[in-house]
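For reference, the structure is listed below as structure tokens.
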Amino acid sequence: MGDPLKKIRDCLIDLDEDCVVRFVKEALSSRLSATEIVLGPMSAAMEEIGRLYEEGEYFIAELIEAADIFKKVMGLLRERLREEASQLRGKRRCLKVVIGTVKGDIHDIGKTLVAVMLQAAGHEVIDLGVDVDAGKFIDAVVKYGAEVLGMSALLTSTAKYMKEVLNELEKRGLRSKVFVIIGGAATTPEFAEEIGADAWAKNAVEAVKILNELAEGRRDSWTGRK
Ligand code: B1M
């Protein structure tokens with residue numbers, strides 16, 4: 001990790017907003033991309049902050065402060081993120097994507113980042129926000145005629161709810177018509193397979209790549225396998 005990137009990580013861990021902003025600007029002027037900044041040191045700092053929380057060194061107040069700084073930086077970088085993601089624009093058609101963080105979970109930074117980048121890559125995104133239950137997901141899929149349902153979860157306890165949404169899709173006879181992609185720190189590719197999702201993405205760039213492949217017919221829309 002180059003110097004400004006390391007500084008961004010350290011400043012965010014120290015919850016020093018001015019310092020984060022200063023080095024984000026420095027990183028941009030040394031031609032580092034906004035995507036690199038957000039997915040690299042900013043995300044690494046959030047993981048470390050989570051670890052400090054687990055160890056009892058940080059408390060909820062610090063998590064909230066870190067999230068506020070992250071969101072401010074995302075605000076600053078939003079246009080650049082859009083420009084960079086638009087270069088990932090698929091060649092064929094755009095997909096309608098309903099996305100949200102599942103019931104019981106209010107973590108929204110990663111989900112919003114995925115939504116912003118998918119939109120910039122040319123897909124139509126309906127972002128339902130956080131704490132979304134199965135009924136709301138499915139009603140939106142039907143209302144907007146979405147081909148893709150995206151779910152995010154950061155808590156081990158809420159990730160399980162994704163299975164309930166999949167069961168509900170099945171019950172409503174929609175499962176074979178909707179490609180389900182999941183992500184978030186509480187999920188893994190194994191978990192995605194176990195609950196019967198079509199795809200798992202590690203981060204926002206990977207989510208864009210997967211959905212571009214789907215739009216271009218390079219992915220089986222039912223099994224998620226290439
Ligand atoms: Co909370 N929190 N939190 N938290 N929080 C975690 C998740 C935790 C891992 C921290 C820890 O203990 N190490 C832990 C969960 C443990 C577990 O269940 N395994 C935890 C906990 C315990 C809690 C509370 C229960 C604490 C409490 O109240 N006692 C509580 C729960 C509230 C609730 O949801 N009901 C809580 C609350 C909060 C805040 C509100 C204070 C705040 C969130 C603010 C907000 O989002 N507006 C917060 C924060 C900031 C975190 C950490 C520190 C950072 C999360 C984050 O924003 N990361 C987090 C630590 C960690 O994740 N290791 C933690 C940055 C973001 C860019 O990454 O969201 O992972 P992420 O998104 C990535 C990828 O995962 C992926 O792409 C994104 C970007 O590339 N991705 C997708 C995400 N969604 C995707 C969807 C896709 C595809 C890819 O397709 C649809």
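Counting starts at 1 for both ligands and their atoms, in listed order. Basis for what follows: all heavy atoms, side chains included, without hydrogens, waters or symmetry-related copies.
- Protein heavy atoms are found less than 4.0 angstrom from atom 88 (C) of ligand 1.
- Only the backbone of Met151 comes within 4.0 Å of ligand 1, judged by heavy-atom distances.
- Across the listed options Gly110, Gly100, Gly104, Gly110 owns the non-hydrogen atom lying nearest to atom 66 (C) of ligand 1.
- Residue Lys202 places a heavy atom less than 4.0 Å from ligand 1.
- Comparing Leu118, Thr35, Ile210, Leu155 by heavy-atom distance to atom 23 (C) of ligand 1, the nearest is Leu155.
- Numbered from 1 in the order shown, with element, the atoms of ligand 1 that lie under 4.0 Å from a heavy atom of Ala201 read 88 (C), 89 (C).
- There is a protein heavy atom closer than 4.0 angstrom to atom 33 (C) of ligand 1.
- A distance-only check finds a donor-acceptor pair linking the side chain of Glu206 to the backbone of Lys202 [under 3.5 Å].
- Nearest-heavy-atom check against atom 12 (O) of ligand 1 across Met74, Glu48, Glu54 picks out Glu54.
- Heavy atoms of Leu113 found under 4.0 angstrom from ligand 1 belong exclusively to the side chain.
- Residues Leu154 and Val130 fall into different hydrophobic clusters, defined by Ile, Leu, Val, Met, Phe, Trp and Tyr side chains chained together at heavy-atom separations under 4.5 Å.
- In this structure, Arg80 has no salt bridge (charged side-chain N to carboxylate O under 4.0 Å, His left out) partners at least two apart in sequence or on a different chain.
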